[in-house]
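When a ligand or atom number is given, it counts from 1 through the structure's own listing order.
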Amino acid sequence: MPMTAIILAAGEGTRMKSRHPKVMHKLLDRPLVSWVTRAAREAGAERIVVVVGCGADEVRAHLAGEKDVECVEQTERLGTGHAVRVALEGADVREGQVLVLNGDGPLVEPETLRRLVAPVASGEAAEAILTWTPADPFGYGRLEFDAEGSVTRIIEQKDCTPEQAERLTACNPGFYAFDVTQLRSHIGELSTENVQHEFYVTDMVEILRSHGERVAAVHTDDADELLGVNSRAQLAQLSAIARDRINNRLMAEGVTILDPATTWVGPDVTVGRDTVLLPMTMLWGTTTVGEECVVGPNTRLTNCTVGSGVSLEETVGVDVTIEDDVTCGPRCYLRGGAHVRRGAHVGTHVEIKNSDIGEGSKVPHLSYIGDCTMGSGVNIGGGSITCNYDGVHKNRTTIGDNVFVGSDTMMVAPVTIGDGALVGASSCVTRDVPADALYLERAEQRIVEGYASRRLERLKREA
Ligand code: UD1
Ligand code: CA
């Protein structure tokens, strides 16, 4: 039976004090809502429906990047029950089970969601509710149970009598599973007869029971995964929890992390065995790092593919491929589809953009290499630059195999330097260089013996 996840994300999140909707605030490298869509996907949801409202355009624009997600707009915020109804109708959900998730609860585990949906999928219950007993239950909806442990009712904190608020300690963290047929048949029976005059999804418990259906409770002890984000302080708290979880997983898989408190790794990153992550390292997006690498200190990689045996010291990489046994840094910047091939070296204060650096080639010091195809075994002298931009176009520089480029060389693209050519230091290369040739562009040198002291004496005499 297909499973649909409905993610409630229409709220504004007043306590964030932000121009942006709450679910667009980032936990590690991605907005809160994307943690929830990811958990739903991993739990096996075939359809993911996000209810948007406040800041709908911003949420929609972001979710356009997740092809399996549909957005439904809730134009009036009439409560959680109303939001679920809008989603069911807007996305025409008719089959299987429905998971209802909070868009601001990013740490929920797919395994917990699978546990939650199980009693509904098996036909044992029409609804299942995740429950836990927090140290401080204030603010949460409270659960009442019958003798068999089924849920009979959820009472919102605001609707509790003082006696109920005191006695009922099992809470509703806001995650539900429903049989969609039962939900569709009876959601119209929700009313706004409560303190907040809202349609409460929590009232589905009593409604389904009145039709003879059972509501199962699925308990959990891991309070961390149920935490929601309502303030910036909570966002920071959850960020630290997410970081620790990921770092602990990596260490269990054989990665050394010298300082887990300053090492930040996104949820989709993979790191191979015996790789060492040094302090102040951030690995984001779809980055993959192979085995036996040393990454950091002070390295940030976003959407990079890194082979094995690589050393990346104080390196920033965005959208690049780095093959095995490459060494980078300290202090280099690789971006825009750069591809650094096996055994190459990119050194200090070097920027590489949209370029292919061939096997074993070296760009050791203070260079900018942009829009360049470089063969293998090349050496680029310190301070050399590909002048790729003429003010209008980006032009390519092509460098063959085993070329030696002397220091402080300007290569004015488009230009080609053939295999094995030699370019003298301080040249400005404006014409193609044939293979095996010497290219030298340098003003003639003059030596005037004894000039310096003669000049000094003259200046003193004139003073
Ligand atoms: C809800 C539960 C409460 C539970 C708590 C856990 C209800 C009535 N109560 O209370 O039992 O303990 O969550 O956090 O459901 N939303 C919409 N559209 C709306 C209203 C809400 O999309 O019209 C979204 C919000 O953006 C939020 C989620 O639903 O992501 C929960 O809404 P919120 O108003 O925060 O519910 P609570 O009062 O916290
Ligand atoms: Ca809430």
Task: The one among N102, L101, V86 that brings a heavy atom closest to atom 14 (O) of ligand 1 - done: N102
TODO: Using a 4.0 Å heavy-atom threshold (strictly under), name the region of Q157 that reaches ligand 1: side chain, backbone, both or neither.
DONE: neither
Task: L78, portion touching ligand 1 at heavy-atom distance under 4.0 Å - done: backbone
- [ ] Verify whether the ring centers belonging to F175 and W132 lie closer than 6.0 Å.
- [x] no
- [ ] Ignoring angles and geometry beyond distance, decide whether L8 reaches within less than 3.5 Å of ligand 1 through its nitrogen or oxygen atoms.
- [x] yes
Open item on the list: Regarding ligand 1, does N172 bring an N or O atom to under 3.5 Å of one of the ligand's N or O atoms?
Closed with: yes
Task: E163 atom CD, over 12 foreign heavy atoms within 6.0 Å - done: yes
Task: Nitrogen or oxygen atoms of Q74 and ligand 1 under 3.5 Å apart - done: yes
Task: Proximity to ligand 1 by part of C171, non-hydrogen separation under 4.0 Å - done: neither
Open item on the list: Regarding E198 and K158, does a basic nitrogen lie under 4.0 Å from an acidic carboxylate oxygen?
Closed with: no
Open item on the list: Test your reading of the structure: does Y200 have an N or O sitting under 3.5 Å from an N or O of ligand 1?
Closed with: no
Open item on the list: Check this for me, if you would: do E42 and R38 make a salt bridge, where the nitrogen-to-carboxylate-oxygen distance has to be below 4.0 angstrom?
Closed with: yes
Please list, one pair per line, the donor and acceptor atoms closer than 3.5 Å that link side chains of residues 75-86 to other protein atoms, with sequence neighbours excluded.
| residue | atom | partner | partner atom | Å |
| --- | --- | --- | --- | --- |
| T80 | OG1 | V201 | N | 3.1 |
| H82 | ND1 | Q74 | NE2 | 2.9 |
| H82 | ND1 | E76 | O | 3.4 |

Task: T373 versus R396, side-chain donor and acceptor atoms under 3.5 Å - done: yes
Task: Residue part near ligand 1, for H82, under 4.0 Å between non-hydrogen atoms - done: neither
Task: ligand 1 versus A10: contacting region, heavy-atom distance under 4.0 Å - done: both
Task: Option set L32, T80, V229, D159, criterion heavy-atom distance to atom 36 (O) of ligand 1, minimum - done: T80
TODO: Please say whether G139 places an N or O atom under 3.5 Å from an N or O atom belonging to ligand 1.
DONE: no
Between side-chain atoms of residues 325-334 and protein atoms elsewhere (two or more places apart, or another chain), which donor-acceptor pairs fall under 3.5 Å?
| residue | atom | partner | partner atom | Å |
| --- | --- | --- | --- | --- |
| T327 | OG1 | H345 | ND1 | 2.7 |
| R331 | NE | E314 | OE1 | 3.0 |

